[in-house]
Amino acid sequence: MADIVQAAKLLGDARRVVVFTGAGISAESGVPTFRDALTGLWERFDAQSLATPQAFQDQPDLVWGWYEWRRHRVSTVSPNPGHRAVAAIESRVPSTVVITQNVDDLHERAGSRDPVHLHGSLFAPRCSGCGEAVALPPATAEPDAGRRVQPPACVRCHGLVRPGVVWFGEALPEAALEAAARAASACDVLLTVGTSGMVYPAAEIPRIAARAGAAVIQVNPHATPMDSVALVNLRGSAGRILPELVTKAWPDAATADPAAAPS
Ligand code: BJW
Ligand code: ZN
């Protein structure tokens with residue numbers, strides 16, 4: 001049986017589905033993946049070093065400038081057929097849990113109900129001192145200062161406002177991690193899409209599902225450490241494979257659901 005047919009059968013028969021996504025699902029929207037993130041102005045920096053509490057402490061303007069640049073960039077792009085196919089899976093299997101490592105909001109904008117954000121969000125900054133959530137104006141323009149932008153100060157304690165994301169060495173939000181582990185241990189099918197599977201503890205989520213007996217289906221153009229965990233490996237881009245998977249899993253419904261159709 002062709003891999004995609006086998007995957008579609010597993011998905012179409014599943015009662016409890018988890019979709020676990022990484023940066024690759026947003027690549028076709030024009031958001032660089034984490035390991036390709038530093039293009040243009042940023043190409044001489046290392047993402048893994050910038051995404052740390054130490055970097056923010058040492059050079060807050062550099063780190064804040066990077067995140068403001070990314071917040072602006074995400075605001076200018078749109079969800080792609082991969083995000084829309086995920087929302088279509090949710091409409092076919094309403095108990096579906098979407099777990100994302102991404103800090104963009106493209107799942108929500110594609111119609112996903114309440115994705116679990118394991119690594120926070122570009123749109124939820126908070127004070128680095130007292131933790132107070134801070135509302136920022138929409139990122140309508142690319143930061144004037146180019147790469148360095150002074151972060152705002154908290155009105156309560158004058159601490160620096162920081163991005164609401166999870167940096168290396170920081171704990172993931174407890175409720176999100178618990179919800180993700182719970183969903184993974186109770187699903188029939190886990191679809192892992194566009195992640196290198198290198199960053200922990202998030203990379204444990206497909207492994208938890210596999211250990212609990214779920215079928216893991218991976219969508220990625222390249223090999224990853226998750227290849228050996230997955231029952232089916234679908235090599236290709238999320239924007240091409242996911243709509244095809246949805247159409248094959250629910251052939252009768254595909255034409256009635258614009259979310260499932262490639263655009
Ligand atoms: C396509 C595609 C297309 C392209 N279609 N696909 C166990 C072992 C070893 C190390 C550790 C361990 N446990 C913890 C650690 C340390 C560390 C870690 O994992 N390090 C590794 C690098 C080894 N983990 C942590 O520090 C975590 N915290 C922690 O463990 O805390 C402990 C603690 C407990 C209690 C108190 C205090 C502390 C935190 C990890 C936070 C990660 N944060 C980041 C940054 C978020 C903000 C930002 O974006 O700036 O999250 S790192 C970065 O990686 C980002 C991503 O969400 C995450 C995952 O990346 P992702 O999504 O997989 O992207 P890429 O770029 O790696 O891959 C893209 C993939 O897409 C590729 O495979 C492409 O082929 C594919 N692709 N086009 C489909 N069109
Ligand atoms: Zn504060």
Side-chain angles (χ1 to χ4, degrees), residues 19-38 42 45-56 63-64 66-71 73-74 80-83 85-86 99-104 106 116-134 151-174 176-177 191-207 218-227 233-243 245:
V19 185
F20 175 68
T21 66
I25 196 169
S26 297
E28 287 156 275
S29 292
V31 181
T33 62
F34 189 74
R35 275 148 197 92
D36 292 336
L38 300 178
W42 296 99
F45 296 95
D46 166 29
Q48 201 143 322
S49 314
L50 281 184
T52 63
Q54 192 62 49
F56 186 68
V63 174
W64 185 255
W66 183 43
Y67 281 95
E68 281 296 272
W69 178 81
R70 290 170 62 196
R71 188 168 73 97
R73 183 150 184 175
V74 166
N80 67 58
H83 297 105
V86 171
I99 302 167
T100 187
Q101 298 165 84
N102 297 345
V103 295
D104 64 44
L106 295 176
V116 175
H117 278 273
L118 288 179
H119 292 161
S121 163
L122 289 172
F123 302 96
R126 64 174 190 274
C127 173
S128 59
C130 68
E132 177 86 345
V134 175
C154 171
V155 291
R156 261 189 16 185
C157 78
H158 308 296
L160 291 182
V161 173
R162 60 159 285 174
V165 302
V166 181
W167 284 325
F168 285 111
E170 294 186 319
L172 275 60
E174 206 174 298
L177 189 56
L191 194 53
T192 175
V193 183
T195 174
S196 58
M198 283 164 40
V199 176
Y200 284 83
E204 274 298 332
I205 298 300
R207 295 174 196 279
Q218 176 172 233
V219 178
N220 199 306
H222 302 293
T224 78
M226 225 52 90
D227 285 15
N233 280 293
L234 302 174
R235 289 272 185 265
S237 79
R240 183 177 66 80
I241 301 262
L242 289 180
L245 193 57

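Quick note: residue numbers are just sequence positions, from 1. In each ligand, atom 1 is the first atom listed, and ligand 1 is the first ligand listed.
The closest heavy-atom contact to atom 74 (C) of ligand 1, among the options Val31, Leu242, Asn220, comes from Asn220. Across Arg240, His119, Arg70, heavy-atom proximity to atom 49 (O) of ligand 1 is greatest for Arg70. By heavy-atom distance, the residue among Leu177, Val166, Thr52 lying nearest atom 46 (C) of ligand 1 is Val166. Of the candidates Ser29, Ser26, Ala23, Ala202, it is Ala23 that places a heavy atom closest to atom 64 (O) of ligand 1. Compare Ile25, Thr21, Thr195 by their heavy atoms: the one nearest to atom 61 (P) of ligand 1 is in Thr195. Closest heavy-atom approach to atom 17 (C) of ligand 1 among the candidates Trp66, Phe20, Phe168: Phe168.
Taking a cutoff of 4.0 Å between a charged side-chain nitrogen and a carboxylate oxygen, Asp227 and Arg235 qualify as a salt bridge.
Contacts between Trp167 and ligand 1 below 4.0 angstrom, taking non-hydrogen atoms only, involve the backbone exclusively. At a 4.0 Å heavy-atom cut-off, ligand 1 touches Val165 through the side chain alone. Contacts between Gln101 and ligand 1 below 4.0 angstrom, taking non-hydrogen atoms only, involve backbone and side chain alike.
Of the inter-residue distances, the one linking His83 atom NE2 with Asp104 atom CG reads 5.5 Å to the nearest 0.5 angstrom. Atom CZ of Phe20 is separated from atom CD of Gln218 by 10.5 Å, given to the nearest 0.5 angstrom. Atom OG1 of Thr195 and atom CD of Gln101 lie 4.0 Å apart (nearest 0.5 Å). One finds the CZ atom of Arg240 at 13.5 Å from the CG atom of Asn80 (value rounded to the nearest 0.5 Å). Rounded to the nearest 0.5 Å, atoms NE2 (His117) and CD1 (Ile99) are 12.0 Å apart.
Taking distance alone, with nitrogen or oxygen atoms compared against 3.5 Å, Ala238 approaches ligand 1 more closely than that limit. For Asn102, no nitrogen or oxygen atom sits less than 3.5 Å from a nitrogen or oxygen atom of ligand 1, counting backbone and side chain alike. For Gly22, no nitrogen or oxygen atom sits less than 3.5 Å from a nitrogen or oxygen atom of ligand 1, counting backbone and side chain alike. In terms of N/O distances under 3.5 Å, ligand 1 is approached by Tyr67.
Between the side chains of His222 and Ser196, no donor-acceptor pair of N or O atoms lies under 3.5 Å.
Proximity of a side-chain donor or acceptor of Ser128 to a complementary backbone N or O of Leu160 within less than 3.5 Å is detected. With hydrogens and angles disregarded, a donor-acceptor distance shorter than 3.5 Å links the side chain of Asp46 to the backbone of Gln48. Although no hydrogens or angles enter the test, the distance criterion places no donor-acceptor pair under 3.5 Å between the side chain of Ser26 and the main chain of Ser29.
Put simply, atom 76 (C) of ligand 1 has protein non-hydrogen atoms near it, under 4.0 Å away. Note that atom 2 (C) of ligand 1 has protein non-hydrogen atoms nearby, at separations under 4.0 angstrom. Within 4.0 Å of atom 9 (C) of ligand 1, not a single protein heavy atom is present.
Nearest protein heavy-atom neighbour of atom 24 (N) of ligand 1: Tyr200 O, 2.9 Å. Atom 69 (C) of ligand 1 has as its closest protein heavy atom Gly194 O, 3.8 Å. Looking from atom 31 (O) of ligand 1 to the surrounding protein, the closest heavy atom is Glu170 O, 3.1 Å. In terms of protein heavy-atom proximity, atom 60 (O) of ligand 1 is closest to Arg35 NH1, 3.5 Å. Atom 36 (C) of ligand 1 has its closest protein heavy atom at Ala171 CB, 3.6 Å. For atom 26 (O) of ligand 1, the closest heavy atom belonging to the protein is Gly169 N, 2.7 Å. The closest protein non-hydrogen atom to atom 21 (C) of ligand 1 is Met198 O, 3.5 Å. With respect to atom 54 (O) of ligand 1, the closest heavy atom belonging to the protein is Val199 CG2, 3.4 Å.
Looking at every heavy atom in both residues, Leu172 comes nearest to Leu118 through CG-O, 3.4 Å. The two residues Pro81 and Gly239 come nearest to each other via the heavy atoms CB-O, 3.7 Å.
The shortest separation from a heavy atom of Leu50 to ligand 1 is not under 4.0 Å, leaving the residue out of contact.
For the pair Val134 and Cys154, the minimum side-chain heavy-atom distance is 4.5 Å or more.
Distances from the Zn ion (ligand 2) under 2.8 Å pick out these protein N/O/S atoms: Cys127 SG, Cys130 SG, Cys154 SG, Cys157 SG.
Per-residue contacts place His222 under 4.0 angstrom from the following atoms of ligand 1 (heavy atoms of the residue considered): 75 (O). Applying the 4.0 Å criterion to heavy atoms of Gln48 picks out, from ligand 1, the atoms 22 (C). If you number the atoms of ligand 1 from 1 as listed, the ones under 4.0 Å from a heavy atom of Val103 come out as 49 (O).
Applying the side-chain hydrogen bond (donor to acceptor under 3.5 Å, both in side chains) test to residues at least two apart or on different chains, the pairs with a partner in residues 151-171 are Tyr67-Trp167, Glu132-Arg156, Arg162-Glu170.
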